[in-house]
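Below is one structure; the comments refer to it alone.
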Amino acid sequence: MRLFQLYAFSQQLSGDFSMSNTITRFAPSPTGHLHIGGARTALFSWLLARHNGGKFVLRIEDTDQKRSTQEYTDAILESMKWLGMDWDGELMYQSERFDLYNSYIDKLIETGHAYWCDCTSEQVDAMREKAMKEKRKPKYDGSCREKNIGPGENRVVRFKTPIEGRTSFNDMIKGPITVENIELDDMILRRSDGAPTYNLAVVVDDHTMGVTQVVRGDDHINNTPRQVLIYKALGWDVPRFGHVPMILGPDKKKLSKRHGALSVMEYQKMGYLPEAVVNYLVRLGWSHGDQEIFSKDELIELFNTEHLGNSASVFDTKKLDWVNCEYIKAKAPAELIPGMRSFLPEGTEVADEYLEKIIPLLQPRATNYKEMADMCDFFLVSADELKYDEKNVEKVLTPEAIDHLKEITAKIEADSEFSHDSLEAIHKGYLEEKELKFKAIGQPVRLALCGKIQSPGGLYDLMLVLGKDETLARMKKTITLA
RNA sequence: GUCCCCAUCGUCUAGCCUGGCCUAGGACACCGGCCUUUCACGCCGGCGACAGGGGUUCAAAUCCCCUUGGGGACGCCA
């Protein structure tokens, strides 16, 4: 035990020494969109590289040519860009490196670390079933290990996993992990169609790309000892590994579509800000004391793997909403214009200047761009196009209310200043004069201005944004409704 | 089934490595109040957790063991 701790410690040291030339990577397979969980893993990996001033490389794992598509590759790249994760160097495709993988497979055969196998899938399935029945771990039984057969039709190459001993590595997140080699079976390195398998390709790529820290989902933990064995068989240094726990749905099951577990780009479609999604995702599973909101620069400055949690976490949309609100409130109104525009009804024509005046009223109330766009609908039409909430027209526009509106309209018309102060003076003065409570005019005026009795903004703010002419036009039109 | 991983409020977490400052802190959510011309924002307060059991120790959320619970992997997928 003590010996092992010493070993772990030396691993830690070698990790620290290489900090100055950190190279991390993200290696998605283009068989689907970039999922929120994958995005978080990518973020951790990206942050680790940026924090250390190192490199972050992106590799497309498309060795499974049946399921990989260019569309998904493009979609993944789009998501990476949206979240602001930039990568260094050329994008790499595993499908372009088959010759390289095969040269290392040949080397492993030459050095006695791998062998050809002519067992069929059916035979192997039978072995697994048998093992399962005998309450053992299902695995290939190694029957071709010593056959010494050569290449041939429908043959695969398998790794000759040591039968004795154990394989350990010191995970950056989970700590020391050890597996008995006997638990591992002789994995396939080269498929019968000549394509390399994941475990072989990953090792060759990570080594040739100089990756120093492999950050990936913890569903890969079981693959890691196998990969360590390949590194050693090839005589290569083993990088450090960090296995990020997965994200769960509210039912604590693996996040999936039925939870609304969506691809990254769907969060854009729902109106979230990329910075907020990044902030939420990083904070899910990582912490820096009690701090909740981090700018991208802060994240880069503060990120470390020590504070990554080692248990799975539940995705909480409510908290994402809260983070998104915080970002909306913190932004300068002008910064929100482009994002909000994309959610406006098609064909809406509105000047930036006008939106910039509207947005401050929306900021404390909206959780996302879509809500912002929805909330300000009444601002974007002219007085004669404004739709009124019929029920409230009947309820609120009593004969008395109409009288109030008439008198207030006249006073506003005569007000040359048209400022928050002057408008307040007009309304308060009118109420005092008539000995009324604000209730008497609050709803009628709001209804006149917005067509509804609930809207963002105080009455005077609303008027100021609309401008004097539009305010009067709306008031006057409302008077004719009753 | 076998192996691996994990375990603090409903949720995200601080604290754990380097036991005592923890009558366990913060945030989201929830509930109440204040503010207020709607709805919000904001402010104040409340609810609420060390999975269980054994050890070790003067002292354990923190170290060790067991149990339980959850998750993952077991592919010519990645």
Side-chain angles (χ1 to χ4, degrees), chain A residues 27-32 61-64 66-68 94 117 119-121 124-125 128 131-140 154-158 171 173-175 177-180 182-185 187-193 195 197-199 201-202 216-225 243 245-246 248 250 252-254 280 283-293 306-307 309-323 325 329 361-366 375 424 427-428 431 437-439 441-443 445-447 450 452-460:
Chain A
S29 70
T31 53
E61 307 222 320
D62 54 354
T63 52
D64 182 354
K66 289 183 202 93
R67 297 196 301 149
S68 302
Q94 285 190 327
C117 165
C119 296
T120 63
S121 308
V124 177
D125 287 346
R128 294 208 168 90
M132 197 79 106
K133 262 186 198 153
E134 291 166 8
K135 303 200 170 180
R136 287 182 295 114
K137 195 169 181 172
K139 48 183 257 191
Y140 172 69
N154 289 323
R155 291 182 184 176
V156 299
V157 175
R158 287 181 182 275
D171 195 272
I173 297 169
K174 308 260 184 188
I177 293 174
T178 301
V179 172
E180 299 290 331
I182 194 72
E183 295 292 334
L184 279 18
D185 67 356
M187 66 189 135
I188 291 177
L189 302 176
R190 183 187 195 272
R191 290 185 255 249
S192 54
D193 65 0
T197 55
Y198 166 76
N199 280 118
V202 166
R216 59 180 21 161
D218 79 1
D219 48 337
H220 285 295
I221 268 193
N222 295 282
N223 284 322
T224 307
H243 288 96
M246 56 181 5
L248 272 26
K252 304 229 177 187
K253 296 265 188 272
K254 193 170 182 172
Y280 173 74
R283 188 59 188 70
L284 186 68
W286 177 81
S287 63
H288 179 72
D290 288 339
Q291 190 171 343
E292 296 286 348
I293 302 296
E306 289 93 78
H307 285 95
N310 39 14
S311 55
S313 30
V314 173
F315 188 86
D316 182 5
T317 308
K318 286 259 177 66
K319 184 142 187 189
L320 204 212
D321 283 343
W322 175 78
V323 174
C325 287
K329 280 184 286 194
L361 305 190
L362 275 19
Q363 281 175 298
R365 294 163 236 265
M375 267 181 202
E424 187 170 6
H427 289 79
K428 292 254 162 92
L431 291 176
K437 298 258 187 217
F438 201 94
K439 225 172 66 182
I441 60 167
Q443 287 195 337
V445 174
R446 186 172 299 276
L447 186 69
C450 311
K452 47 195 172 191
I453 57 167
Q454 244 185 42
S455 75
L459 256 28
Y460 317 135

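Reminder, nothing fancy here: chain letters follow the sequence lines and each chain counts from 1.
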No-H, no-angle donor-acceptor pair, A:S192 side chain to B:C76 base, under 3.5 Å = yes

Its glycosidic angle compared against 90° from 0, B:C9 adopts the form anti

Minimum-distance nucleotide to A:T197 side chain [options: B:A40, B:A78, B:C5] | B:A78

A:S287 side chain, from C-beta outward: closest of B:G42, B:A78, B:U13 | B:U13

Closest to the A:I177 side chain: B:C28, B:C77, B:C5?
-> B:C5

What nucleotide among B:C77, B:G26, B:G15 has an atom nearest to a side-chain atom of A:H307?
-> B:G15

For A:D125, report the nucleic acid contact type (base, sugar-phosphate, nothing); a contact means any heavy atom under 4.0 Å.
-> nothing

In Watson-Crick or G-U wobble terms, both distances under 3.5 Å, what is the partner of B:U2?
-> B:A73

Residue mapping more 5' on RNA chain B - nearest nucleotide basis, A:D316 or A:I173 | A:I173

Map A:R136 and A:E61 onto RNA chain B by nearest heavy atom, then report which one ends up closer to the 5' terminus.
-> A:R136

Would you indicate what A:E183 reaches in the nucleic acid, counting non-hydrogen atoms under 4.0 angstrom: base, sugar-phosphate, or nothing?
-> sugar-phosphate

Among the nucleotides B:A7, B:U38, B:C5, which one has an atom lying closest to any side-chain atom of A:N310?
-> B:A7

Give the rounded distance in Å between these two atoms: CG of A:D185 and C1' of B:C76.
-> 12 Å

B:C12 versus B:A29 - spacing of their P atoms, nearest Å = 15 Å

Taking a pair as Watson-Crick or G-U wobble with both distances under 3.5 Å, which nucleotide is matched to B:U11?
-> B:A27

List in chain and number order the residues that pass side-chain hydrogen bond (donor to acceptor under 3.5 Å, both in side chains) with A:H427, two or more places apart in sequence or in another chain; answer none if no residue qualifies.
-> none

Checking all strands, does A:S455 fall into the base, sugar-phosphate, or nothing category for heavy-atom contacts under 4.0 angstrom?
-> base

Would you kindly check whether a donor in the side chain of A:R365 faces an acceptor in the base of B:C39, or vice versa, at under 3.5 angstrom?
-> yes

Pairing partner of B:C47 (Watson-Crick or G-U wobble, both distances under 3.5 Å) = none

Any donor-acceptor N or O pair under 3.5 Å, side chains A:R216, A:T224 | yes

When the C1' atoms of B:C64 and B:U56 are considered, how many whole Å apart are they?
-> 7 Å

If you restrict it to nitrogen or oxygen atoms, what contacts under 3.5 Å exist between nucleotides 68-72 of chain B and the protein, and what is each distance?
residue: B:G71; atom: OP1; partner: A:K253; partner atom: NZ; Å: 2.6
residue: B:G72; atom: N2; partner: A:N222; partner atom: OD1; Å: 3.4

Sugar-phosphate only, base, or nothing, as touched by A:K139 at under 4.0 Å among non-hydrogen atoms = nothing

Looking at A:R191 and A:D64, what are the two nearest heavy atoms and their distance?
-> NH2-N, 4.1 Å

Taking atom P in both B:C5 and B:C9, compute the distance separating them and give it to the nearest angstrom.
-> 22 Å

Phosphate contact (B:A78 OP1 or OP2) by A:T63 side-chain N/O below 4.0 Å | yes

Would you say the base of B:G26 and the side-chain of A:E292 have a donor-acceptor pair closer than 3.5 Å?
-> yes

Please tabulate, one pair per line, each protein N/O and nucleotide N/O from nucleotides 31-35 of chain B that are separated by under 3.5 Å, including the distance.
none

The nucleotide from B:U2, B:A29, B:A7 with an atom nearest the side chain of A:K318 is B:A29

Hey, does A:C119 reach any base, or is it just sugar-phosphate, or nothing, if we go heavy atoms under 4.0 Å?
-> base

To the nearest Å, give me how far apart CD (A:Q94) and P (B:C77) are.
-> 13 Å

C1' gap between B:C3 and B:G19, integer Å = 33 Å

Checking N1-N3 plus N6-O4 or O6-N4 for Watson-Crick, or N1-O2 and O6-N3 for wobble, each under 3.5 Å, the partner of B:G42 is B:C34

Once you apply the 3.5 Å cut-off to both distances, tell me the Watson-Crick or G-U wobble partner of B:G20, or none.
-> B:C58

Base, sugar-phosphate, or nothing for A:I188, non-hydrogen atoms under 4.0 angstrom?
-> base

Identify whether any heavy atom of A:V314 sits under 4.0 Å from a base atom; if not, whether one sits that close to sugar-phosphate; answer base, sugar-phosphate or nothing.
-> sugar-phosphate

What integer number of Å spans the C1' atoms of B:A7 and B:A59?
-> 24 Å

For B:G15 and B:U62, measure between their C1' atoms and round to the nearest Å.
-> 8 Å

What is the distance, rounded to the nearest whole Å, between atom CG of A:D321 and atom P of B:C41?
-> 12 Å

Among B:C5, B:U38, B:G75, the nucleotide that comes nearest once only the side chain of A:K174 is considered = B:C5

Hey, does the side chain of A:R283 reach the backbone of A:Q291 with a donor-acceptor pair shorter than 3.5 angstrom?
-> yes

When rounded to the nearest Å, what value does the distance between C1' atoms of B:A14 and B:C21 take?
-> 15 Å

Does OP1 or OP2 of B:A78 have a side-chain N or O of A:R191 closer than 4.0 Å?
-> yes

